[in-house]
Amino acid sequence: DFFTRLQEQLENGMKGESQEKIFSEMFSVKMVQEIECQNGHKKMTAQEAEPVLQLDFGSTVEEALDSTFDMTGDPISDYKCDECDKKVDILKRHMIDTSSDQLVIMLRRFQWDYFAAGGNTRKKLKGRFEIPLRLNLSAYTKEGVRNRKMGKDVEEDPNLEYSLRGIVVHSGATMDAGHYFSIIRDANSHEWFKFDDREVTPFNAADLDEASDKFIGECYMLYLQKV
């Protein structure tokens, strides 16, 4: 939420300037929605670009992407198909259309717990997440999802290859309590540093592991850059 509000505030303050949309151009993921009816008719709809790619939580980034971009699709009943001219069962899928050079991923680690004592609260999913140093998005594009659906291999596009530049970590039990800090890789020296409030200290890349006793907390956001 803070990241989105920051973008809105910056772009509102730069209205009329030549670089008014610099933030949304730097951080942008555009997706398409595909609807396939039970009779094989397909309809593709472009969606608005988002600054952050939000993923269902998984133990790896690939597992999180597979859950969010499920090639089998989400089943929906009683959908009015224009081609069939009647209500039918459909499958709805989401795929990546384009992604900017900078990629921000947010893991959905917080979920509403409606049965918590004292009323609704957002509980934290504290399962271990394997932090990736590299990521290729080819399998989650329109072509990639279709190839996987047909059982074909997905050829990795080098233009969709990303390298990890930083992470945001949350330490605490719930969204409403705890502490955030960042671990960032220097662009020139390639060394890692921990940014914890006003304190900046070197961080060993080998400890970029939630199982490490030097890693206090859980990864919440990833910042990646195209190689």
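The shortest heavy-atom contact between Ala64 and Leu107 is CB-CD2, 4.4 Å. The nearest pair of heavy atoms linking Met95 to Val145 is CG-CG2, 3.5 Å. When all heavy atoms of Ser67 and Asp56 are compared, the pair lying nearest together is OG-OD2, 3.0 Å. Taking both residues in full, the closest heavy atoms of Phe181 and Phe195 are given as CB-O, 3.4 Å, listed atom of the first, atom of the second, then distance. Residues Val32 and Ala46 come closest through the heavy atom pair CG1-CA, 4.1 Å. Taking each heavy atom of Val169 and Phe215 in turn, the nearest pair found is CG2-CZ, 3.7 Å.
At least one side-chain heavy atom of Leu160 sits under 4.5 Å from a side-chain heavy atom of Thr141. Looking only at side-chain heavy atoms (C-beta outward), Gln225 and Leu164 stay at 4.5 Å or farther from each other. Looking at Ile76 and Ile35, their side chains never come closer than 4.5 Å, going by heavy atoms from C-beta outward. Between Ser28 and Pro51, the closest side-chain pair of non-hydrogen atoms is not below 4.5 Å. Proximity of Met44 to Gln33: side-chain heavy atoms (C-beta onward) are nowhere separated by under 4.5 Å. Looking at heavy atoms from C-beta onward, Phe57 lies out of side-chain contact with Tyr220 at the 4.5 angstrom threshold. Using a 4.5 Å cut-off on side-chain heavy atoms (C-beta onward), Asp186 and Ile184 make no contact. Contact check for Glu63 versus Phe129: no side-chain heavy atoms found under the 4.5 Å cut-off.
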Next item on the list: For salt bridge (charged side-chain N to carboxylate O under 4.0 Å, His left out), just list the numbers for Glu143 and Lys152, CA-CA rounded to whole Å, side-chain angles, deciding distance to a tenth of an Å, and then say yes or no.
Entry: CA-CA 11 Å; Glu143 182 179 0; Lys152 296 181 179 180; over 6 Å; no
Item checked: Derivation of the side-chain contact (heavy atoms from CB on, under 4.5 Å) call for Leu222 and Val104 -> CA-CA 6 Å; Leu222 306 166; Val104 179; over 6 Å; no
Margin query: Run Asp207 and Lys194 through salt bridge (charged side-chain N to carboxylate O under 4.0 Å, His left out) and show every step you take.
Written below: CA-CA 11 Å; Asp207 291 320; Lys194 179 180 178 181; over 6 Å; no
Check: Is there a side-chain hydrogen bond (donor to acceptor under 3.5 Å, both in side chains) between Ser163 and Arg185 once you walk through the steps?
Finding: CA-CA 10 Å; Ser163 175; Arg185 178 167 60 89; 3.2 Å; yes
Next item on the list: With side-chain contact (heavy atoms from CB on, under 4.5 Å) as the test, would you mind laying out the steps for Glu34 and Arg146 before giving the verdict?
Entry: CA-CA 11 Å; Glu34 181 186 69; Arg146 286 171 182 164; 3.8 Å; yes
Item checked: From CA spacing to verdict: side-chain contact (heavy atoms from CB on, under 4.5 Å), Phe203, Leu208 -> CA-CA 9 Å; Phe203 192 87; Leu208 278 171; 4.1 Å; yes
Note to self: Apply side-chain contact (heavy atoms from CB on, under 4.5 Å) to residues Ile131 and Ile167 and explain how you reach the verdict.
What the structure shows: CA-CA 9 Å; Ile131 299 168; Ile167 61 174; 4.0 Å; yes
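Summarising the local packing, CG of Asp153 is surrounded by 12 or fewer heavy atoms from other residues, nucleotides or ligands at distances under 6.0 Å. For CD of Glu36, the number of neighbouring non-hydrogen atoms (other residues, nucleotides, ligands) closer than 6.0 Å is greater than 12. Shown here is Lys86, whose NZ atom has no more than 12 heavy atoms of other residues, nucleotides or ligands within 6.0 Å.
Aromatic pair His94/Phe69: ring centres not closer than 6.0 Å.
Residues satisfying the side chain to side chain donor-acceptor pair (under 3.5 Å) criterion with Asp209, sequence neighbours excluded, are Arg128. Applying the side chain to side chain donor-acceptor pair (under 3.5 Å) criterion to Thr201, with sequence neighbours excluded, gives no partner residue.
At least one donor-acceptor pair under 3.5 Å links the side chain of Ser189 to the backbone N or O of Glu191. At least one donor-acceptor pair closer than 3.5 Å links the side chain of Gln38 to the backbone N or O of Asp89. Here the side chain of Asn136 pairs a donor or acceptor atom with the backbone of Ser138 at under 3.5 angstrom.
With hydrogens and angles left out, the side-chain atoms of Thr68 and Arg108 include no donor and acceptor closer than 3.5 Å. Side chains of Tyr162 and Ser99: a donor on one and an acceptor on the other come within 3.5 Å.
A salt bridge links Asp66 and Arg148; the closest N-O separation between the charged side-chain nitrogens and carboxylate oxygens is under 4.0 Å. Between Glu210 and Arg109, at least one side-chain nitrogen of the basic residue sits less than 4.0 Å from a carboxylate oxygen of the acidic one, meeting the salt-bridge criterion. Between Asp70 and Arg93 there is no salt bridge, since no side-chain nitrogen of the basic residue lies less than 4.0 Å from a carboxylate oxygen of the acidic one.
Taking CG of Leu53 as the start and CG of Leu103 as the end, the distance is 6.0 Å to the nearest 0.5 Å. A distance of 10.0 Å separates NZ in Lys42 from CG in Leu91, rounded to the nearest 0.5 Å. Distance check, rounded to the nearest 0.5 Å: CD of Gln54 to CE of Met221 gives 8.5 Å. From Glu50, atom CD reaches atom NZ of Lys30 across 11.5 Å, with rounding to the nearest 0.5 Å. Of the inter-residue distances, the one linking Lys80 atom NZ with Glu83 atom CD reads 10.0 Å to the nearest 0.5 angstrom. Going from atom NE2 of His41 over to atom CG of Asp82 covers 10.5 Å, rounded to the nearest 0.5 Å.
Judged by the 6.0 Å and 45° rule, Lys123 forms no cation-pi pair with Phe110.
Each of Lys124, Glu218, Lys126 was checked for a side chain to side chain donor-acceptor pair (under 3.5 Å) with His170, and the lone residue meeting it is Lys124.
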